[in-house]
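The following block contains the structure, expressed as structure tokens.
Not measured: the values here are computed from a predicted model. Whatever order the structure lists them in is the order used to number ligands and atoms, beginning at 1. Atoms considered below: every heavy atom in the structure, side chains included; atoms not considered: hydrogens, waters and symmetry mates.
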Amino acid sequence: MIAHLRHLTRRLPLQRGMLQQQQRSASYLIDQPEYSFLKDLGLERDNPGVFAGQWQGRGQSITSYDPGTGQAIATVRQGNVQELHNAVGWTVEAYKHWRQVPAPVRGEIVRQIGDELRKYKEPLGKLVSLEVGKIYSEGQGEVQEFIDICDYAVGLSRIYAGQLINSERAQHTILEAWRPLGLVGVISAYNFPNAVFGWNAAIALTTGNTVLWKGAPSTPLVSVATTKIVAEVLRRNNLPPIVSLCQGGTDVGAALVADKRVNLVSFTGSCQTGRDVGVEVQRRFGKVILELGGNNALVIDESANVKMALDAALFGCIGTSGQRCTTTRRIIVHEKLHDSFVEALTEKYAQLLPRIGHQLEVDTLVGPVHSKQNVDSYKATIDEAKLLGGKVAFGGRVVQRPGHYVEPTIITGLAHDASVVHRETFAPIVYVLKARSVNEAIAWNNEVEQGLSSALFTENMTQAFKWIGAQGSDCGIVNINTTTNGAEIGGAFGGEKATGGGRESGSDAWKQYCKRATITLNHSGELACAQGVVFNVE
Ligand code: NAD
């Protein structure tokens with residue numbers, strides 16, 4: 001068809017505009033039979049990007065592109081600021097109903113969301129891969145994470161509880177109760193367009209909140225498809241919009257952050273944007289969860305199981321083409337192992353070169369980076385590293401093919417505190433640093449601004465306990481003998497310092513979605529003040 005059009009274009013120049021129009025419309029991936037899974041998700045060529053009971057979208061229409069080919073997938077009509085305000089209003093109204101629903105019944109709705117996701121795991125995971133650029137198994141894994149957190153939340157709905165505290169006053173009892181906050185606004189980043197919403201929504205809904213989501217502007221189709229799955233559960237259960245969506249850019253995000261009706265803003269994104277979001281929410285005394293950038297180190301002690309450390313480095317540095325917040329960005333190796341480790345790692349990297357390819361191809365292990373912006377920052381960082389005296393031990397080049405592909409890159413010879421080493425570049429670049437001891441490695445691990453993930457490879461118990469103790473890694477994730485990359489939903493996820501301090505997902509992170517009430521019950525029949533204070537008149 002396109003070859004035919006090209007032929008006509010040569011012969012009939014006057015009709016070129018019309019033909020280009022036809023070529024463009026024919027080139028949306030959603031119209032091609034091999035992408036029929038997009039239609040299985042209820043997506044169309046042009047999709048409304050706002051949901052609050054009804055679908056609409058009066059803002060800018062944006063095209064979503066496949067980073068693996070540069071081809072257009074489909075378009076989404078984003079919301080504007082007015083639609084955001086309306087969606088806030090409807091979701092606040094829905095809260096008035098939802099907070100009355102018993103927690104285990106809320107859990108049952110979350111269970112249904114998990115089941116609905118199970119039905120659509122394959123096509124939704126493929127869409128995550130297609131739109132972000134992550135490989136097939138990682139796209140499937142991301143949806144699995146949402147399913148897992150739904151299961152977790154269902155259990156939570158029956159067991160989350162306050163406590164009873166002993167009172168110093170006779171015949172008094174102190175209770176602690178956890179109540180919902182109200183409306184939770186979720187702003188998410190492009191690299192986890194499904195799971196981050198899932199972590200927040202499953203726990204926030206279970207604890208009695210309603211949720212308004214703004215996904216990243218460059219992954220709008222995942223936002224729409226995911227919301228359609230949730231909306232079907234709401235429809236079946238005759239529920240008001242306890243979950244709503246307003247796709248949009250900075251204007252919509254900023255309006256959500258500024259809106260006093262949004263009781264908690266859960267923001268996932270860069271440190272730079274997160275700092276502004278944190279300040280804005282604090283200015284109006286709202287609550288905030290910040291899940292921001294990382295600069296994660298893998299420390300290899302001289303006693304390490306090197307084979308295992310190499311495997312951990314490979315996935316940690318290159319998985320998701322270096323675009324996870326937990327990606328290994330620095331490898332700090334004991335000086336005795338440094339040279340042999342770099343050599344072995346470059347050999348492993350070389351084996352991956354033939355596995356660079358389109359994210360949905362079966363053999364691909366290294367997909368594209370998400371956008372031209374990622375490619376540009378990859379190039380700029382490598383140039384800067386070279387100027388600073390770094391040596392490119394592997395990679396360093398942009399792959400010449402349609403789409404946004406770069407070679408996974410290893411850089412050696414830089415100072416531990418070089419500017420590029422201290423910065424998060426969202427691309428598959430790792431700096432290998434030579435340290436004299438675990439103590440030195442811990443100091444370097446901790447000297448960066450961010451504090452998300454870290455891992456030590458050691459067989460030495462003393463070093464292991466130092467690493468996890470107060471004098472050890474200052475990160476939120478402090479692993480031993482496993483990668484920095486990725487996490488399970490059972491543990492609380494998040495990091496310290498410029499990573500923002502927030503925690504989502506497992507453990508007791510549900511408390512972040514609640515307000516705590518301390519309730520003193522006097523069943524003595526007399527009024528008594530605490531600390532023996534006497535204050536009365538006869
Ligand atoms: P980003 O900061 O550019 O964008 C994140 C979101 O913020 C997007 O939805 C964007 O539209 C929105 N936004 C932008 N300006 C805003 C404003 N003024 N007010 C409100 N919202 C605004 O981040 P990105 O490039 O999409 O994602 C990559 C970054 O996210 C990396 O730094 C990565 O480490 C981080 N990240 C962190 C975690 C974590 O859990 N710690 C998880 C994933 C990604």
To which protein heavy atom is atom 27 (O) of ligand 1 closest, and what is the distance rounded to 0.1 Å?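 Result for atom 27 (O) of ligand 1: A189 CB, 3.2 Å.
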Atom indices of ligand 1 within 4.0 angstrom of F493 heavy atoms, with elements: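 Close to F493: 39 (C), 40 (O).
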Identify the protein heavy atom lying closest to atom 41 (N) of ligand 1, giving its residue, its atom name and the separation to 0.1 Å. L292 O, 2.8 Å
Option passing side chain to side chain donor-acceptor pair (under 3.5 Å) with T484 (candidates T327, T328, N479):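 So the option named by the test is T328.
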With heavy-atom distances below 4.0 Å as the criterion, list the atoms of ligand 1 near P217.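 Near P217, the atoms of ligand 1 are 11 (O).
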Charged N to carboxylate O below 4.0 Å: is that the case for R503 and D508?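 No.
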Give me the residue, atom name and distance of the protein heavy atom closest to atom 8 (C) of ligand 1.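 Closest protein heavy atom to atom 8 (C) of ligand 1: S188 O, 3.4 Å.
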Donor-acceptor contact present, side-chain R275 to main-chain S270, <3.5 Å: no
Ion pair R77/E83, N-O distance below 4.0 Å: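 Here R77 does not pair with E83 in a salt bridge, since their nearest N and O are not under 4.0 Å apart.
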K228 to Y120 six-membered ring, cation-pi geometry met (6.0 Å, 45°):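 Not satisfied by the 6.0 Å and 45° rule.
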Carboxylate-amine/guanidinium proximity below 4.0 Å for D383 and K379: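 Between K379 and D383 there is no salt bridge, as every charged N stays at least 4.0 Å from the carboxylate O atoms.
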Interfacing atoms of ligand 1 (cut-off 4.0 Å, heavy-atom, G215): 9 (O)
Heavy atom of the protein closest to atom 3 (O) of ligand 1 (residue, atom name, distance):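 Nearest neighbour among protein heavy atoms for atom 3 (O) of ligand 1, to 0.1 Å: S270 OG, 4.2 Å.
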For G502, state whether at least one heavy atom is located under 4.0 Å from any atom of ligand 1.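 No; G502 lies far enough from ligand 1 that no heavy-atom distance drops under 4.0 Å.
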Tell me, which protein residue and heavy-atom name are nearest atom 35 (C) of ligand 1, and how many Å apart are they?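 In this structure, atom 35 (C) of ligand 1 has G269 O, 3.2 Å as its nearest protein heavy atom.
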For atom 32 (O) of ligand 1, what is the nearest protein heavy atom, given as residue, atom name and distance? E424 OE1, 2.7 Å
Atom 18 (N) of ligand 1 touched by protein heavy atom at under 4.0 Å: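 Yes; the ligand atom in question has protein heavy-atom contact below 4.0 Å.
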Taking the ring of W178 and the ring of Y160, is the distance between their centroids below 6.0 Å? no
Which residue holds the protein heavy atom closest to atom 11 (O) of ligand 1, what is that atom called, and what is the gap in Å? K214 NZ, 2.8 Å
For ligand 1, which atoms have a heavy atom of N191 less than 4.0 angstrom away?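 Contacts of ligand 1 toward N191, numbered from 1: 43 (C), 44 (C).
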At a 4.0 Å threshold, what atoms of ligand 1 neighbour a non-hydrogen atom of T250?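 Selected atoms, number and element: 15 (N), 16 (C), 17 (C), 18 (N).
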Just say parallel, tilted or perpendicular for the rings of W444 and H416, cut-offs at 30° and 60°.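 Plane angle under 30°, so parallel.
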Examine distances only and state if a side-chain atom of N200 and a backbone atom of V186 form a donor-acceptor pair shorter than 3.5 Å.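 Such a contact is absent between N200 side chain and V186 backbone.
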Separation of N374 CG from N191 CG (nearest 0.5 Å):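 So the CG of N191 and the CG of N374 are separated by 9.5 Å.
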Taking atom 5 (C) of ligand 1 as the reference point, the nearest protein heavy atom with its distance: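 The closest heavy atom on the protein side is T268 O, 3.6 Å.
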Counting each atom of ligand 1 from 1 as listed, which ones have a heavy atom of A254 under 4.0 Å away? 19 (N), 20 (C)
Counting from 1 in the order shown, the ligand 1 atoms closer than 4.0 Å to a non-hydrogen atom of A216 are 9 (O)
For ligand 1, is there an N or O atom under 3.5 Å from any N or O atom of T273? yes
Considering only NZ, NE, NH1 and NH2 on the basic side and carboxylate oxygens on the acidic side, decide whether E407 and R397 come within less than 4.0 Å.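 Salt bridge between E407 and R397, a charged N being under 4.0 Å from a carboxylate O: yes.
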